[in-house]
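Working notes for the structure below.
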Amino acid sequence: MTADTQTDAPSNEKPLNFLEQQIKDDLETGKNQQVITRFPPEPNGYLHIGHAKSICLNFGLAETFGGVCHLRFDDTNPAKEDQEYIDAIVRDVEWLGYEWGGAIRYASSYFQQLYEWAVYLIEEGKAYVCHLSAEETREYRGTLTEAGKDSPYRSRSVEENLAEFEKMRFGEYDEGACILRAKIDMASPNINMRDPALYRIRKQSHHQTGDTWCIYPSYDFAHGQEDAIEGITHSICTLEFADHRPLYNWFIENLPVPSQPRQFEFGRLNLNYTVTSKRKLKQLVDESYVDGWDDPRMPTIAGLRRRGVTPAALRKFCEMIGVTKSDGIVEMAMLDHAIRDDLDKNAPRAMCVLNPIKVTLTNYPEGKTETMIAPGHPNRDDLGERKLPFSREILIDAADFREEANKKYKRLVIGKRVRLRNAYIIEADECIKDAAGNITEVKARYIEGTVGNDPEDGIKAKGVIHWVDAVNHVAFEVRLYSRLFSDEAPDSGDKNFLDHINPESLTVLPHCVGEIGLLDAEAEQTYQFEREGYFCCDRTCCDRKNNSLVFNQTITLRDTFNG
RNA sequence: UGGGGUGUAGCCAAGUGGUAAGGCAGCGGGUUUUGAUCCCGCCAUGCGGAGGUUCAAGUCCUCCCACCCCAGCCA
């Protein structure tokens with residue numbers, strides 16, 4: 001192409017997303033000296049995977065541009081909030097591995113300042129107390145296509161508004177009797193600008209401020225000012241707030257705030273086969289469709305955690321899906337990939353038989369015991385090795401034996417050989433059935449000298465199956481999970497998501513057996529049970545002494561076998 | 001029918017006038033004591049549609065279409 005040989009080296013650098021580009025520009029042009037972002041959940045429920053995207057975005061942006069990210073509770077509505085949620089949210093953000101700058105912030109700690117700014121707006125003639133009922137307010141607001149009309153209270157004097165607002169603040173009015181409104185434009189094509197509510201009366205005690213207040217600022221009046229107080233440079237929220245940006249800016253321009261934050265919007269995460277709406281997730285919990293916010297089937301961060309998903313997997317997933325302003329629906333397969341990718345690299349291996357049947361090795365001496373050695377991970381020496389007791393009687397999975405089978409079946413068949421993983425090759429001779437015809441035992445022979453070697457007679461085994469010693473093992477319960485919803489878009493259109501709950505999302509296997517080393521499994525450790533999938537030692541049921549050990553299936557191994 | 005947003009493969013997503021990155025899924029093959037992992041190959045004459053500008057258009061202009069969000073004293 002040109003004389004000087006320029007290798008068009010494929011750039012490995014990930015292209016910047018639109019927010020990274022924005023911040024890079026702002027830093028380069030000197031618009032901002034540093035970047036300060038914030039993750040501002042309302043403590044009215046547990047965080048879900050959509051929040052994970054926002055967390056990775058906000059904390060990630062601060063991280064890559066050498067700034068800080070605040071954790072701030074947007075607790076402006078005591079009616080819906082609870083300390084339990086605050087605690088859970090803090091736990092989830094920490095678990096994801098992010099550190100926020102400074103102390104945890106609360107919108108409620110700015111209530112006094114916000115109140116003074118409300119008074120300021122009144123004094124400027126830009127806010128008024130309105131006594132229209134909620135219904136009247138709606139009527140006066142107009143519609144999407146028709147302008148609204150001014151409230152009869154809109155033209156009150158500053159003095160009267162001041163006095164009325166004070167009466168609101170000191171509890172002289174009942175809830176709903178009046179609100180403080182901004183005086184902007186009842187004919188604005190943007191409905192958010194039609195004299196929005198600034199303060200409403202809520203005679204409820206607040207989890208942080210107790211009974212100090214009986215009036216609480218609205219989201220619109222609080223959020224931008226919170227950002228300004230904290231010096232947030234880039235206030236990032238989801239697309240549905242784009243219409244609020246002019247109002248966000250109106251407050252920043254009309255109030256003596258200490259900094260000039262700017263709002264940017266990105267597309268929220270939608271995942272198929274699930275719902276990501278706090279309201280709906282709360283309903284699943286409240287109406288006992290699941291066992292709690294951290295039920296392993298829930299798309300909450302707490303649920304994913306209990307399921308065995310790692311912070312690294314979630315972060316990888318967020319990186320994979322990108323950040324844009326288009327609203328798409330991400331396939332669950334992407335999340336699955338991120339989970340398997342991390343777990344394959346990092347999960348220690350173990351053997352576990354989900355549906356045990358006994359195999360007796362008729363030519364193996366009674367009373368003899370050997371110890372097989374297996375790697376903790378096929379390509380991670382740092383994960384050590386495992387000791388596997390082996391004797392005359394072992395347990396294999398019922399699915400790994402058939403009396404007869406076609407040649408696509410690579411497991412144990414009468415008259416055929418199979419490799420016992422990390423141990424001998426065996427050959428099946430016969431099976432024993434109970435009265436109902438179920439196979440209860442297989443009689444087989446082991447081939448001497450085949451640990452780590454092929455048989456001397458040259459007849460190799462076609463497949464490999466996992467096993468556990470019949471005596472020297474640990475018994476536990478395994479819980480298998482499949483998707484909570486059977487519909488790809490359970491809450492789309494006019495569907496009721498509750499109609500699409502998968503009745504078979506949980507399968508309990510009470511009598512599983514695992515290799516003896518699992519006795520030392522720690523809560524929340526995820527293992528790969530070879531040939532079966534990934535399983536996580538349940539946080540609440542990890543007491544082997546009292547026989548209450550439980551493993552939650554995180555995800556199966558990828559299965560491309562089609563035969 | 002008002003305002004705000006978004007349309008690139010089955011899904012996510014780069015692309016900033018110079019001839020369509022990457023990932024997921026899928027398909028084919030190789031390695032393998034996990035039907036896993038890993039490795040190799042295939043997978044958009046076309047970017048919502050129609051016109052136009054230009055030597056050159058996914059990128060610029062015009063019109064049209066589709067989808068999402070907004071009428072809480074929720075966030």
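Quick note on labels: first sequence line is chain A, next is B, and so on, each numbered from 1.
Heavy-atom nearest nucleotides on RNA chain B were determined for A:His377 and for A:Ile329, and the one closer to the 5' end corresponds to A:Ile329. Of the two residues contacting RNA chain B, namely A:Leu16 and A:Ala333, the nearest-nucleotide position lying further toward the 5' end is that of A:Leu16.
A:Arg411 comes within 4.0 angstrom of a base, heavy atoms only. Across all strands shown, A:Gly452 has heavy atoms under 4.0 Å from base atoms, whether or not it also approaches the sugar-phosphate. Nucleic acid contact class of A:Arg181 (heavy atoms, under 4.0 Å, all strands): none. Counting non-hydrogen atoms under 4.0 angstrom, A:Lys410 reaches a base of the nucleic acid. A:Val451 comes within 4.0 angstrom of a nucleotide base, judged by non-hydrogen atoms across all strands.
Taking atom C1' on both B:G3 and B:U8, the two are 27 Å apart, rounded to the nearest angstrom. Nucleotides B:U1 and B:U19 have their C1' atoms positioned 42 Å apart, rounded to a whole Å. Across the C1' atoms, B:A25 and B:G10 are found 7 Å apart, a figure rounded to whole Å. Between B:U53 and B:U62, the two P atoms lie 15 Å apart (nearest whole Å). Taking the P atoms as reference points, B:U6 lies 16 Å from B:C12, given to the whole Å. For B:A13 and B:C24, the P atoms lie 16 Å apart once the distance is rounded to whole Å. Taking the P atoms as reference points, B:G58 lies 48 Å from B:U34, given to the whole Å. Spacing between B:A9 and B:A14 at atom P, rounded to whole Å, works out to 13 Å.
For the pair A:Arg194 and A:Asp185, the salt-bridge criterion is not met [side-chain N within less than 4.0 Å of a carboxylate O]. Taking 4.0 Å as the cut-off between side-chain N and carboxylate O, A:Arg200 and A:Glu175 do not count as a salt-bridged pair. In this structure, A:Lys416 does not pair ionically with A:Glu427, as no charged nitrogen and carboxylate oxygen lie closer than 4.0 Å. We find that A:Asp195 and A:Arg154 are joined by a salt bridge, their nearest charged nitrogen and carboxylate oxygen being less than 4.0 Å apart. Ion pairing of A:Arg72 with A:Asp227 is present here, as a side-chain N (NZ or NE/NH1/NH2) and a carboxylate O approach within less than 4.0 Å.
Residue A:Leu19 contributes atom CG, which lies 11 Å from atom P of B:A14 at whole-angstrom precision. Between the OH atom of A:Tyr248 and the P atom of B:G4 there is a distance of 21 Å, rounded to whole Å. Summarising the geometry, the separation between CZ on A:Phe317 and C1' on B:C11 is reported as 11 Å, rounded to the nearest angstrom. Between the CZ atom of A:Arg380 and the P atom of B:A36 there is a distance of 21 Å, given to the nearest Å. Residue A:Leu557 contributes atom CG, which lies 11 Å from atom P of B:C38 at whole-angstrom precision. Look at CG on A:Leu420: it is 13 Å from C1' on B:U34, rounded to the nearest Å. Between the CZ atom of A:Arg558 and the P atom of B:U34 there is a distance of 16 Å, rounded to whole Å. Atom pair A:Lys316:NZ and B:G22:C1' shows a separation of 11 Å (rounding to whole Å applied).
Residue A:His337 places at least one side-chain N or O closer than 4.0 Å to OP1 or OP2 of B:C24. For the pair A:Thr560 and B:A36, the criterion of a side-chain N or O lying under 4.0 Å from OP1 or OP2 is met. In terms of phosphate contacts, A:Arg531 brings a side-chain nitrogen or oxygen within less than 4.0 Å of OP1 or OP2 of B:G35. Between A:Thr324 and B:C12 there is no side-chain N or O to OP1 or OP2 distance below 4.0 Å.
For B:G10, the base has a donor-acceptor partner in the side chain of A:Glu331 [N/O atoms by modelled type, under 3.5 angstrom]. Side-chain atoms of A:Arg340 stay outside donor-acceptor range of the base of B:U37, with no qualifying N/O pair under 3.5 Å. Evaluation of atom-type donor-acceptor distances gives no pair under 3.5 Å for the side chain of A:Arg245 against the base of B:G4.
Among B:G35, B:C11, B:U34, the nucleotide with an atom closest to any side-chain atom of A:Gln528 is B:U34.
With A:Lys462 contributing its side chain and A:Lys407 its backbone, the two residues share a donor-acceptor pair below 3.5 Å.
Remark: B:G7 base-pairs with B:C65; criterion is Watson-Crick or G-U wobble with both hydrogen-bond distances under 3.5 Å. Remark: B:G2 base-pairs with B:C70. Criterion, Watson-Crick or G-U wobble with two distances under 3.5 Å. Under the Watson-Crick or G-U wobble criterion, with both distances below 3.5 Å, B:C55 is paired with B:G18. Within the shown strands, B:G30 is the pairing partner of B:C38 under the Watson-Crick or G-U definition, both distances less than 3.5 Å.
Taking syn as a glycosidic angle within 90° of 0, B:G46 does not qualify and is anti.
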### Query
What one-letter contact string describes nucleotides 64-75 of chain B from 5' to 3', where B marks a base within less than 4.0 Å of any protein heavy atom, S marks contact via sugar-phosphate atoms alone, and - marks no contact?
----SBBBSBBB
### Task
Run the numbers on A:Asp344 and A:Arg349 for salt bridge (Lys or Arg N to Asp or Glu O under 4.0 Å), then give the verdict.
CA-CA 9 Å; A:Asp344 174 62; A:Arg349 309 287 124 124; 3.6 Å; yes
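Here A:Phe111 and A:Tyr106 keep their ring centres 6.0 angstrom or further from each other.
Side-chain contact check for A:Gln208 versus A:Asp75: some heavy-atom pair is nearer than 4.5 Å.
With A:Tyr128 as the aromatic partner, A:Arg156 does not meet the cation-pi criteria of under 6.0 angstrom to the ring centre and within 45 degrees of the ring axis.
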